[in-house]
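In the text below, chain A, chain B and the rest are named by the order of the sequence lines, each starting its count at 1.
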Amino acid sequence: MFVNAMGLILADNQRVKLGPLSEPRALSAMPFGGRYRIIDFLLSNMVNSGIKRVGVIALTRYKSLMDHLGTGASWDLDRMNQGLFLLPPYINPMTRSSERSDLSSIIDYIETGSQDYVVITDCNLIMNTLYNDLLDRHIESGADITVMYNRDALEYGLPNISLMLDEEERLYDVLADSHTVSTEFSSINVAVVRKDLLLSVLEESRSRGVTDFTFLRLLEFYKQLEIKGCEHKGKVFRINSMANYFKASMSLFDDDLRHQLFSEVTPIYTKVKNQPPCLVEPGSRVNNVLASDGCIIQGDVENCVLFRGVTVGKGAKLRNSVIFQNTQISNDADLNHVIIDKDSVVKMGVRLLGHPGFPVVIGKGSIV
Amino acid sequence: MFVNAMGLILADNQRVKLGPLSEPRALSAMPFGGRYRIIDFLLSNMVNSGIKRVGVIALTRYKSLMDHLGTGASWDLDRMNQGLFLLPPYINPMTRSSERSDLSSIIDYIETGSQDYVVITDCNLIMNTLYNDLLDRHIESGADITVMYNRDALEYGLPNISLMLDEEERLYDVLADSHTVSTEFSSINVAVVRKDLLLSVLEESRSRGVTDFTFLRLLEFYKQLEIKGCEHKGKVFRINSMANYFKASMSLFDDDLRHQLFSEVTPIYTKVKNQPPCLVEPGSRVNNVLASDGCIIQGDVENCVLFRGVTVGKGAKLRNSVIFQNTQISNDADLNHVIIDKDSVVKMGVRLLGHPGFPVVIGKGSIV
Amino acid sequence: MAHQDVVALILAGGQGSRLGVLTEFLAKPAVPFGSRYRIIDFPLSNCSNSGIEAVGVLTQYQPLELNSYIGNGHSWDLDRNDGGTYILPPYVSQEGSDWYLGTANAIYQNIPFIDSFSPKHVLILSGDHVYKMDYSQMVRTHTEVGADASIAVIEVPWEETDRFGIMNTDENKRINEFDEKPAHAKSNLASMGVYCFNWSSLRRCLIEDEADPDSKNDFGHNIIPRMLDEGLFLYAYTFEGYWKDVGTVKSLWDTNMDVLDTPEVLDLHDQSWIIYSKNPQRPSHYFGPKAVAERIAISDGAEVHGEVRHSVISVGAKVEVDAVVEDSIIMPGAIVKSGAVLRKCIVGMNTVIGSDVLIAPEISDENDFVNNRLCEAGISVIAQDLVIHDGAQISGNSMIGPGDAVTHPHIVSEMPTRYSY
Amino acid sequence: MAHQDVVALILAGGQGSRLGVLTEFLAKPAVPFGSRYRIIDFPLSNCSNSGIEAVGVLTQYQPLELNSYIGNGHSWDLDRNDGGTYILPPYVSQEGSDWYLGTANAIYQNIPFIDSFSPKHVLILSGDHVYKMDYSQMVRTHTEVGADASIAVIEVPWEETDRFGIMNTDENKRINEFDEKPAHAKSNLASMGVYCFNWSSLRRCLIEDEADPDSKNDFGHNIIPRMLDEGLFLYAYTFEGYWKDVGTVKSLWDTNMDVLDTPEVLDLHDQSWIIYSKNPQRPSHYFGPKAVAERIAISDGAEVHGEVRHSVISVGAKVEVDAVVEDSIIMPGAIVKSGAVLRKCIVGMNTVIGSDVLIAPEISDENDFVNNRLCEAGISVIAQDLVIHDGAQISGNSMIGPGDAVTHPHIVSEMPTRYSY
């Protein structure tokens, strides 16, 4: 009944830029799908796999992440001995600057866990899966590290990792953000590694003056260690650009995909909010709309994701847009291909028109 | 049934030095009295007063504090909308150094609270009291800030605040660490202030480039604001030196004082640990001993405080000493006036001899 | 146990027989309401918002789902270390065992529980009313006027006074008479079933009442008249605001429709008085490409592909393409299949309405399911965990329960599980 | 409700009449043990450490203190969102109301609760045994051997086999016979009262057993023999380690003394299998300037000023100066006043032993309190919440309860509160 693994989530990735949406929050705290944040998928996959001890490395911009995670109760991780561990950077008491020993807090977290394996995930993966097969495969194969991959075509120039695997799925080269070479194996940044091996790798890195820990750095150990791939079949969204974020949001209107991503068997958990039911008033139109509790809809909405507490005024027309929490779209506004961050106001009659590849993005708390 | 106040705990004070004991932890995380840490007193006083929202400002050395506080469940502060807020420093994502905007996180915490008053306490106070009278007095008097004081004689040269109060208890001067002037009014660093006033004071400080918030800085507003004193009668220990820490520990053998400090009506809450009962073996002697769960005592112990999981071997002789959690005192060791931090080992037959004013202090994890 | 000034007891044990099949396997306070709530969310949230931290829920009838729903009280922020929520069922002691015989007997049996908090005041609440009320304000007023007991009252229309327990008071709101459902009322102040007692007075009255073999051990019938006879000071605490007893099919339907028609009155958006509920972990609700939605309330996990008008669609409910739902309440997890038409229908949890089923008041040929005793105004009720087979036509005022799966298996069948938790 | 592979049910409803006055106001599983525990801490901690996250506690007799102690399960890390601890009292349904009649009937009445988790396996546990056991290992073995039911057994001395339910097995540990307290045992494998069932098999047997009017609805008497008759595969899962039934005064005393005499056997220091308990918020325990302590176990909040030898001093208990306590169990909050001498005495919670009281086996003049039916070996038992007046002398094998406060008010009186929570 126990899974012999602890989890480690790399909660931010400085290399992924989502414009004004990234400013107030770590990448894993990005809202997605009406009521979630990306980290909800990362945490739920772990919890659903039976992992009961999860460390979240949050080096910067961790305020909104802390607020969201709270005691961990929403993921059933408010546990006595296990549970959720937020790993902030160590601060030097004298200089008041980060001690550049981010590795220390990771090492500390891993050392004190009783499990023999560590499941590490990067911060930008939207998928609904269990890690039990990966873990079993890893233990059977005897590899040092096992990394998930699929055969999605990766776009040039975006933060991605391509894997060069031999016919036994053994890693022999890693290509980051490849501009030129394309491989058929694309990393899904989830890996399993034995606790003691990870510790020795981290200790060695620290002693050589390395200060940070990224997924790429882990895979680059392929020279010294046996790293194997493990193919994953389900749908994965890698959120590594604004266009990909927008595309992933718009794909939620597909019934099959949505039901797969929000399976009732392996639910995606998120922070509980107590909003009243959504009210749809007469005179409104709602087609292909994912809406959330607390919304009040009076306008004409199509192909949109509305987060909790969004209001859409009379005569407003929304198309192909994503509206974050508590944003107010006033009467007669007209939006198409727009992403608006939370607590914003779009005033009466305002028109905003973006393009599928280049949505208009409005930052948090804006008044337009 | 609601108390219209939120709490704010300044969890560390860089000016108080407790030698090797301060190295691994913020001052408020100092162990005290066999199973507590100082912050347990600060939190319990607030919770027992009915305060349900407490912010803890932890700028440095906050790892052990985070571990101790956990979800806040031990203080019944694992609440949905209220509860415990650990306020870490903001980190600039680019420079990886603290943004020197500690005030921002405090301002943020206070702004989002619904209560009209803030009870602020410093980190080094050991007492068992309720703040309700202080709060009532503050509201009745109409003062801007009300600060607790008593008439304890303060020692020269230690981090202390002396207050100059007129006959209406109005503050007209503040003396920090006074070497020369002695006053009859000694600050107990607990104050009440209206939320909006505190916010405007903090905003003003921030705009003038001030980066940190201390109790002294608050009292120095006496020039612009009406600050009043409110006398407190119960026993207070101000932990501002090693000698005072040791003296406070040794005073726990007084029945009246101990029962006052650990009142059953207003209990001091602490983190739950599941240690078995203490076993006292034949051949041991225990007189004036405060011992804790998980201890195994086989030696001769007098005037000592033993934290959880301490073992005292056969023939060992302990006098006037404080032994932190899970430390092992081997057979035939002989200690007098000693403080030993957690997870240490005193080997067979070792002798350590300190002086009441200068106890021998052994750091965490030592092997002696 | 830590001292608590106020202990609240919620009476949640009644069978709610006027709701018929809706409460066949469910205590009334666990009945879903307003798309994402259960009725008991209202008294529990009121307690939480009023700062009351010791809440006993007295259960007896079909408590499993209610107990599971309440759990450790976490959803209402009532999972406290020295208090929180307590489920209080009947129990066996050395003196013997007794089921709860009346509301007063239920409290009597739990005197030791209440004593353990040494409270000054005890609040007695009903588990089946929809309202937002600050009990702490009531306790404050109770203390200020120096009453022995306070009874919350609300002004009702004079023509409805014969449906309520009416309190006759003097000019200082001191109650001098209690009229149960009077034909000719002297006042229009109706008891809301919300009582605040000094625990010492109530404790004594409960013990005396228990010793009286003629007593029905009921608050309204026995305890309040006993206190009046003794000359105790009973104060009528006037409540102004929305308050509805949802004890009948008609009132349950009306109160749900109020959420749609006058959302500003109950005001579920009020951030200063949040009504908490156990949040299901379901995705945002979804409106399909052909959905039509007009004046509806809808919650997490629901999907609408058909046409929905003036209806309450609960958590995880689904309305398929070409289905029409009007003036109806679709409870959590229920499914309305394509082509079905529902009007004035309450569909229980997880029930499946087959394709092309027609349930509406205007269907004139009265069939076997009509139950004019419990259903009125054309409202039909389908119990939870049933399947209504494709193409069935059912007239208004019908009530269909699991028993009908035996007698009419060609129209109704029962689903394997009866418990949704 | 979320799926759980294994649901554990702890039978905690029994009266424990062989413990006499100790369980007059307390269910047996709530009896204090080993200075800081209650008996139910052992099955609950075993569940928590075994990774079982859905635990139902079946209560019936005097459940208030037990319910309060268990609370939301937080102390055992069993306050989970989709599981955790559930208190399961008897309840009323539309078919009527029934108290739990036997252990099997208690589970039968909770079939809907168990169904709601769709478990593969159900563990049936007793609430009154002291032991550390990894149930997950038992479930794994049960699955591997392909059994329908597994019964945990422990080897007992052959001379004691007539006190136990004995399992006769073939060489593969398949049970072919169940002997309840046999005069001439064929095996020394005694049932520990720990069962693992395939839920589908157990569910069917419970329903069949319930329909049998001659059945006592008991696991040992009816369910196990029924399964054997049907030819189901019942596996004897051998447990090695410390296991004690604490159902009598003597065994309760013995088991407590084991904590002192052989601490390494039960090993409460084992960090890999922590026995959790509800932690009182009390200061460290204190030994006064004249204290004498030899071979004792002591916990938070206790104070020893007198002489204590070979005794268990529980949370918050006090032994005053010049008092002598030997071979005794002082339960939480009890006070032994100065000059009192206690030998082989179990003192209930919050009871006050007055100054110069003498209770010891060697007191020869047998007085009215002697109860040789429940007490043996000179052990005396004083109930909770009593006061033994100064100077009283009480002989060994005595049992003093609240009833004696009525008949012997000059020796015993009752304290105002009876519930400690």
Inset, instruction - Carefully, step by step, assess C:Ile296 and A:Leu279 under the rule side-chain contact (heavy atoms from CB on, under 4.5 Å). - result: CA-CA 6 Å; C:Ile296 70 163; A:Leu279 295 176; over 6 Å; no
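- Within 6.0 Å of the CG atom in A:Leu257, the count of heavy atoms belonging to other residues, nucleotides or ligands exceeds 12.
- Per-residue counts of heavy-atom pairs under 4.5 Å with chain C were compared for A:Arg285, A:Arg308, A:Lys273, A:Gln298; the largest is that of A:Lys273.
- With chain C as partner, the option from A:Cys295, A:Cys278, A:Gly34, A:Ser292 having the largest number of non-hydrogen pairs under 4.5 angstrom is A:Cys278.
- With respect to chain C, the highest number of heavy-atom pairs below 4.5 Å among A:Ser284, A:Ala291, A:Ser44 belongs to A:Ala291.
- Heavy atoms of A:Phe253 lying under 4.5 Å from chain C belong to its backbone as well as its side chain.
- The main-chain N or O of A:Pro276 is never found under 3.5 Å from a side-chain atom of C:His269 such that the two would form a donor-acceptor pair.
- Chosen from C:Lys290, C:His74, C:Glu303, C:His305, the residue pairing most often with chain A at heavy-atom distances under 4.5 Å is C:Glu303.
- Annotation: maximal heavy-atom pairing with chain A below 4.5 Å, among C:His285, C:His310, C:Arg36, occurs at C:His285.
- The closest side-chain heavy-atom distance from A:Val280 to C:Phe287 is below 4.5 Å.
- Neither the backbone nor the side chain of C:Arg309 comes within contact range of chain A, judged by heavy atoms closer than 4.5 Å.
- For A:Asn287 against C:Ala291, the heavy-atom pair with the smallest separation is ND2-O, 2.9 Å.
- Here A:Glu281 contributes atom CD and C:Leu260 contributes atom CG; the two are 9.0 Å apart, rounded to the nearest 0.5 Å.
- Across all non-hydrogen atoms, the minimal contact from A:Gly33 to C:Ser284 is O-OG, 3.5 Å.
- Minimum heavy-atom separation, C:Gln281 to A:Ile268: OE1-O, 3.7 Å.
- Interface remark: of the candidates C:Ser314, C:Ser299, C:Gly301, C:Gly316, C:Ser299 forms the most heavy-atom pairs closer than 4.5 Å to chain A.
- The part of A:Glu264 that comes within reach of chain C is its side chain, from C-beta onward, which places non-hydrogen atoms under 4.5 angstrom from that chain.
- Within the 4.5 angstrom heavy-atom criterion, no atom of A:Leu261 approaches chain C.
- The choice from C:Ala302, C:Pro283, C:Ser35 that makes the most heavy-atom pairs within less than 4.5 Å of chain A is C:Pro283.
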Legend entry - Full working for side-chain contact (heavy atoms from CB on, under 4.5 Å) between A:Asp255 and C:Tyr286: CA-CA 9 Å; A:Asp255 286 351; C:Tyr286 178 65; 3.5 Å; yes
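- Atoms CG and CG, on A:Asp293 and C:Leu268 in that order, are 11.0 Å from each other to the nearest 0.5 Å.
- For NZ of C:Lys318, the number of neighbouring non-hydrogen atoms (other residues, nucleotides, ligands) closer than 6.0 Å is greater than 12.
- Closest non-hydrogen pair, C:Glu294 versus A:Gly283, comes out as CG-N, 4.3 Å.
- Heavy atoms closer than 4.5 Å to chain C are found in both the backbone and the side chain of A:Arg35.
- A pairwise comparison of heavy atoms in A:Asn288 and C:Pro289 identifies OD1-CD, 3.4 Å as the closest pair.
- The 12-atom threshold is not exceeded at CD of C:Glu240, counting heavy atoms of other residues, nucleotides or ligands nearer than 6.0 Å.
- Of the two parts of C:Ile298, the backbone and the side chain both hold a non-hydrogen atom closer than 4.5 Å to a non-hydrogen atom of chain A.
- The shortest side-chain heavy-atom distance between A:Asn274 and C:Asn279 falls under the 4.5 Å cut-off.
- More than 12 non-hydrogen atoms from other residues, nucleotides or ligands lie less than 6.0 angstrom from NZ of C:Lys244.
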